[in-house]
**Student:** 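Encoded as structure tokens, here's the structure I'll be asking about.
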Amino acid sequence: MACYDFAQLPVAEGLQRSLARVFAARCSSNGWASHRTSEGYWLPVRSFASWLAGLPAPPTEVAQITAAIWDAWRISRPATVGGQQQVTRVAALLLNDEHLSRSAAEVMARRMVRPRRVEESYQAGDFDQIKVAARRMFRSAVLRIEDNAAHLERWRGGAFEEGSREWLVGEALECLARTADVPSYPRAHNGTRRVRYRYLRALGGESGACTWQRLFLSRDEAVALGVLLMAEFGWNLSVIDTLAVPRATPDADPDEPTYRLELVKRRRGSGRHHETRNVTDHGAGSGGRLITQSLRATRFARAIVEDLAPGTDRLLVWRTTMPHQGQDNGVGPLLRMGISGQTLTGWGRVNGAGGSPFRRGRRTVQVVRGEPLQNTQDTHDRVYVLSDPQTQRATVPLLADGAESALRHAQQAVLVAQLRDQADPGDVPTATADCTDPDHGPFPAPGGGCGASFLMCLGCTNAHIHPGHHSRLAHLHHALGNLRSAMSPRLWQSDWADAHTRLEDLRERLGPATWAQALSRVTDVDRALVGGLLTGALDA
């Protein structure tokens with residue numbers, strides 16, 4: 001049970017009592033659900049009290065905490081998630097005190113801007129390196145534990161001659177499986193222990209690798225298992241830390257067992273903590289195989305925990321190097337449950353993660369898989385994908401390509417003029433089409449009317465094309481094709497490509513037969529008009 005001494009806070013007794021009262025109210029059955037949550041509030045309260053003690057005139061009771069004092073405390077906190085949590089958690093407690101002034105309550109109740117997280121997903125190669133390191137470490141542990149477990153089973157079956165080296169190792173393993181330690185002399189005051197001489201030579205020494213690691217995961221190996229669970233399933237650290245022992249379904253195939261996973265994610269809120277998932281062991285490389293291996297690697301530690309604290313039901317149990325007074329977690333001084341704290345940072349630094357691999361690793365899994373993992377689609381997109389700096393950088397060239405493609409498509413010369421079966425008496429004839437409204441076109445001239453080239457009529461919504469235009473337009477298309485071979489590609493592309501493309505579009509719409517017929521009907525008037533268009537005489 002957690003114990004918090006408010007009398008040790010460096011503030012006046014009245015304020016100590018007020019803080020203790022609102023804190024205790026949240027520790028009730030209707031408040032916090034775990035000791036870890038209460039500790040998450042205790043640390044900010046302690047920081048707040050220390051900060052108040054440094055003021056020139058520290059308040060002695062809650063009523064003396066003014067809006068100005070609160071704003072100063074808020075500004076003093078770092079612009080990080082942790083800094084925001086200090087402010088919001090202390091505010092959540094103080095707002096329940098009836099003596100808090102209205103002005104202070106108003107500023108405490110203000111919504112804080114969510115700080116931007118600085119972590120980003122790992123590069124593919126970096127994340128692969130982290131997974132390889134975790135896989136190598138955990139696989140080595142599994143093979144070691146399985147090998148020693150097989151030796152223990154053979155010893156129990158009487159396979160070794162009593163007194164032989166193999167028999168002594170087996171007897172030491174039997175003791176280890178029951179007590180989490182090999183036969184040793186009583187520990188010294190400093191916590192060190194000496195392996196009994198009878199087993200020392202058989203075991204090969206008294207280091208962890210020679211003794212307790214034969215049947216138990218070390219701290220780093222437990223972290224490696226957590227990393228693999230994160231990489232395989234995309235779970236966050238709190239889920240992995242408290243993961244219950246997976247159970248094989250009753251009708252599971254012994255060769256391909258299906259496990260029922262009970263996941264708890266407390267941040268979802270009351271009534272939505274729990275999630276169930278089934279995972280099948282389909283062989284090497286499957287998520288189910290990782291569950292099988294984790295059960296095998298932790299079975300001896302979990303058996304001892306079950307004896308000491310029946311019903312504990314935690315998967316991640318590992319053996320510490322030395323017992324620490326007052327930290328047995330109810331399962332003995334040698335065993336620990338879950339993974340958290342500086343252990344993760346140390347493991348990450350040694351294995352190429354730069355720090356704890358879980359936040360960035362989970363983000364990486366979310367980004368790579370492109371689907372929500374234990375969250376909504378909105379949270380997946382907003383928190384993990386769209387805000388990820390690496391994703392944003394990778395998206396820049398894609399967005400640029402998309403924008404350029406859209407621009408090219410928008411600028412692509414296509415036939416805009418409308419096709420008609422016959423001329424409209426109200427239209428005004430031009431060299432390439434008939435115009436419905438020359439005075440209100442998309443290309444007005446400074447002095448009124450239309451200022452565009454006749455070639456642009458093909459790209460104007462005011463233009464109508466009827467069969468009377470087909471022959472000259474077919475001849476223009478042919479002439480532009482001939483002109484293409486007689487001038488530099490750059491100049492032709494600049495001056496004639498758009499008109500040629502629109503005529504290509506017109507030919508496709510009219511069809512080969514109509515186009516061939518139009519070419520056969522080209523007149524001298526058509527040739528003269530086309531010649532004027534090509535020389536610029538008609539647009540002059």
Side-chain angles (χ1 to χ4, degrees), residues 2-120 237-238 266-270 340-342 345 355-356 359 378-379 382-383 386-387 389:
C3 180
Y4 306 110
D5 188 357
F6 283 79
Q8 299 299 318
L9 296 179
V11 291
E13 182 179 350
L15 190 52
Q16 291 175 351
R17 292 183 179 277
S18 296
L19 291 172
R21 183 170 57 253
V22 293
F23 193 92
R26 297 295 294 274
C27 290
S28 65
S29 58
N30 295 325
W32 299 320
S34 69
H35 292 310
R36 176 170 295 182
T37 303
S38 65
E39 183 177 357
Y41 278 77
W42 166 249
L43 296 178
V45 167
R46 194 170 61 184
S47 297
F48 181 59
S50 297
W51 181 84
L52 290 176
L55 295 178
T60 59
E61 56 187 24
V62 170
Q64 295 179 4
I65 298 177
T66 64
I69 289 177
W70 183 258
D71 281 337
W73 152 256
R74 178 178 54 81
I75 295 173
S76 71
R77 298 304 91 190
T80 62
V81 174
Q84 184 193 52
Q85 285 182 345
Q86 288 188 30
V87 176
T88 56
R89 291 180 177 181
V90 173
L93 294 174
L94 292 178
L95 285 170
N96 292 321
D97 193 300
E98 60 184 7
H99 299 101
L100 184 68
S101 67
R102 176 176 296 182
S103 59
E106 288 177 353
V107 296
M108 289 183 190
R110 291 174 185 169
R111 184 175 181 178
M112 295 185 63
V113 178
R114 186 180 182 88
R116 183 178 179 181
R117 297 193 183 278
V118 297
E119 77 268 14
E120 63 179 86
L237 178 58
S238 65
R266 300 193 178 280
R267 289 181 61 188
R268 288 183 174 176
S270 178
S340 61
Q342 294 300 315
T345 302
S356 173
R359 293 188 66 88
D378 175 69
T379 300
R382 174 173 49 83
V383 177
L386 297 180
S387 63

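Please read all numbers here as calculations on a predicted model, not as lab measurements.
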**Student:** CZ of Arg26 to CZ of Arg89: how many Å apart, nearest 0.5 Å?
**Tutor:**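 The CZ atom of Arg26 sits 10.0 Å away from the CZ atom of Arg89.
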**Student:** Between atom CD of Glu106 and atom CG of Leu100, what is the distance when rounded to the nearest 0.5 Å?
**Tutor:**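 Glu106 atom CD to Leu100 atom CG measures 10.5 Å (nearest 0.5 Å).
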**Student:** Got a donor-acceptor contact below 3.5 angstrom from the Gln16 side chain to the Gln8 backbone?
**Tutor:**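 The answer is no, because no donor-acceptor pair under 3.5 Å joins these two groups.
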**Student:** With under 30° as parallel and over 60° as perpendicular, where do the rings of Trp73 and Trp70 fit, or are they tilted in between?
**Tutor:**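 Tilted.
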**Student:** For Glu13, is there an ion pair with Arg17 - N to carboxylate O distance below 4.0 angstrom?
**Tutor:**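 Result for this pair is yes, salt bridge flagged.
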**Student:** With no hydrogens and no angle check, is any side-chain donor or acceptor of Tyr4 less than 3.5 Å from a backbone partner on Glu39?
**Tutor:**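 Side chain of Tyr4 to backbone of Glu39: a pair is present.
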**Student:** Is it the case that the side chain of Asp97 and the backbone of Leu93 share a donor-acceptor pair, with hydrogens and angles ignored and the cut-off at 3.5 Å?
**Tutor:**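 Here the side-chain-to-backbone pair does not exist.
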**Student:** Are Pro58 and Val11 packed together at the side-chain level, in the sense that at least one heavy-atom pair is separated by less than 4.5 angstrom?
**Tutor:**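 Answer no - side chains too far apart.
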**Student:** What is the minimum heavy-atom distance between Ala104 and Ile65, and which atoms define it?
**Tutor:**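 Result for this residue pair: CB-O, 3.3 Å.
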**Student:** Report the distance from atom CD of Gln64 to atom NE2 of His99, rounding to the nearest 0.5 Å.
**Tutor:**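 Gln64 atom CD to His99 atom NE2 measures 12.0 Å (nearest 0.5 Å).
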**Student:** Considering non-hydrogen atoms only, spot the tightest contact between Ala92 and Tyr41 and give its length.
**Tutor:**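 Scanning both residues completely, I find the closest heavy atoms to be CB-CE2, 4.4 Å.
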**Student:** Can you run down the salt bridge (charged side-chain N to carboxylate O under 4.0 Å, His left out) pairs that involve residues 71-85, sequence neighbours left out, and say none if there aren't any?
**Tutor:**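 Found Asp71-Arg74.
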**Student:** Return the minimal non-hydrogen interatomic distance between Val62 and Ser18, and the atom names on each side.
**Tutor:**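 In terms of heavy atoms, the two residues are closest at CG2-CB, 3.4 Å.
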**Student:** Side-chain contact test, heavy atoms from C-beta onward, threshold under 4.5 Å: evaluate it for Leu15 versus Leu52 and give yes or no.
**Tutor:**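 Of all side-chain heavy-atom pairs linking Leu52 with Leu15, at least one is under 4.5 Å.
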**Student:** Distance only, no hydrogens: is a donor on one side chain within 3.5 Å (strictly under) of an acceptor on the other, for Gln84 and Thr88?
**Tutor:**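 No pair is found: no donor N or O on one side chain lies under 3.5 Å from an acceptor on the other.
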**Student:** Just wondering, do Trp51 and Val90 contact through their side chains at under 4.5 Å, heavy atoms?
**Tutor:**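 A side-chain contact under 4.5 Å is absent here.
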**Student:** Could you tell me which non-hydrogen atom of Ala53 sits nearest to which non-hydrogen atom of Pro10, and how far apart they are?
**Tutor:**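 So the two residues come closest at CB-O, 3.2 Å.
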**Student:** If every non-hydrogen atom of Trp42 is compared with every non-hydrogen atom of Leu9, which pair is closest and at what distance?
**Tutor:**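 Heavy atoms of Trp42 and Leu9 come nearest at CH2-CD2, 3.8 Å.
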